[in-house]
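None of the values given here were measured: they were computed from a predicted structure.
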Amino acid sequence: MTTKPPRLDAPGLKALAKAASPQKCQCALGPCAGWESMTEDRWPAPHTTPVGSLRAAQGDADPVQGSEPTFEEFHPQGTRYESPLAPIAPSFFPYNRCDVFACNRCQRVLLRYTEFGGYYVDHRVRALNADLVVDAPLPDAAA
């Protein structure tokens, strides 16, 4: 029986990133400091291990957002989604739809989610940077 990886919050994600000892890797991922499209044939599945998820557990409804995770992004410094300097805020899109993996080759921690468009599916990956992880709460719907 396979054990489901734990759900991680911002402190847990930051601790995971700080505990990693990334090394230079020559795999197909490249640096992926910001979100990068990653086809299934480029994803190094045999060399990655699921270590956590930022997704809400099945059946857990967010008191502010309800059952659907928010599509709101968090960019207080004016960054954009694709920026390598964009904050990693687990409560916000796209992080709230991510699974977290460890690369067994280079020891990097990777965030991965799937973007579903009208006529396409796009897997995206970003290397985890502990310095960018923030514990930002969702705005209160009542405010």
Side-chain angles (χ1 to χ4, degrees), residues 2-25 27-45 47-143:
T2 306
T3 309
K4 186 176 179 180
R7 183 167 192 284
L8 299 169
D9 56 9
L13 187 63
K14 186 176 271 235
L16 189 64
K18 285 184 174 188
S21 300
Q23 303 163 7
K24 188 170 177 112
C25 189
C27 71
L29 289 175
C32 55
W35 287 109
E36 306 269 343
S37 290
M38 182 66 51
T39 59
E40 276 298 315
D41 60 319
R42 285 182 50 215
W43 176 249
H47 306 290
T48 59
T49 303
V51 293
S53 180
L54 302 178
R55 302 167 186 260
Q58 192 82 10
D60 284 356
D62 183 286
V64 176
Q65 298 296 321
S67 61
E68 180 69 22
T70 186
F71 281 102
E72 186 174 341
E73 295 182 29
F74 184 73
H75 298 284
Q77 303 302 316
T79 55
R80 295 179 46 92
Y81 161 89
E82 70 282 353
S83 172
L85 299 176
I88 297 171
S91 296
F92 289 83
F93 181 82
Y95 306 99
N96 57 8
R97 288 165 169 78
C98 283
D99 292 312
V100 186
F101 295 84
C103 177
N104 303 327
R105 284 184 162 171
C106 66
Q107 313 310 309
R108 288 191 294 175
V109 179
L110 306 163
L111 302 169
R112 186 175 191 227
Y113 85 102
T114 303
E115 181 73 35
F116 294 97
Y119 296 100
Y120 68 92
V121 172
D122 186 16
H123 303 291
R124 298 189 182 167
V125 65
R126 181 178 185 186
L128 181 58
N129 178 339
D131 295 334
L132 297 175
V133 177
V134 295
D135 193 4
L138 288 169
D140 184 11

Side chains of [X] and [Y]: closer than 4.5 Å at any heavy-atom pair?
X	Y	answer
Val125	Arg42	no
Cys32	Met38	no
Asp99	Ser53	yes
Arg126	Tyr95	yes
Pro69	Arg97	yes
Val100	Leu54	yes

For [X] and [Y], which heavy atoms make the closest approach, and how far apart are they?
X	Y	answer
Ala56	Arg7	CA-NE, 3.3 Å
Ala127	Arg108	CB-NH1, 4.2 Å
Thr114	His123	OG1-ND1, 2.9 Å
Pro137	Asp135	CD-O, 3.6 Å
Leu111	Trp35	O-CZ3, 3.6 Å
Ala10	Val133	O-CG1, 3.5 Å

Begin from the C-alpha positions of Arg112 and Glu40 and carry the test salt bridge (Lys or Arg N to Asp or Glu O under 4.0 Å) through to its verdict. CA-CA 12 Å; Arg112 186 175 191 227; Glu40 276 298 315; 2.5 Å; yes
Please round to the nearest 0.5 Å and tell me the distance separating atom [atom1] of [X] and atom [atom2] of [Y].
X	Y	atom1	atom2	value
Thr48	Leu29	OG1	CG	8.5 Å
Glu72	Phe92	CD	CZ	5.5 Å
Leu128	Phe101	CG	CZ	13.0 Å

For the backbone of Gly117 and the side chain of Asp122, can you confirm whether one donor and one acceptor N or O come within less than 3.5 Å of each other?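 It does not hold such a pair.
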Check: residues 81-91 side-chain donor-acceptor pairs under 3.5 Å, at least two apart:
residue	atom	partner	partner atom	Å
Tyr81	OH	Tyr113	OH	2.6
Tyr81	OH	Arg124	NH1	2.9
Glu82	OE2	Arg80	NE	3.2
Ser83	OG	Leu85	N	3.0

Is the CZ atom of Arg105 crowded by more than 12 outside heavy atoms at less than 6.0 Å?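 Not buried by this count: 12 neighbours or fewer within 6.0 Å.
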Side chain to side chain donor-acceptor pair (under 3.5 Å) assessment of Asn104 paired with Thr49: CA-CA 7 Å; Asn104 303 327; Thr49 303; 3.2 Å; yes
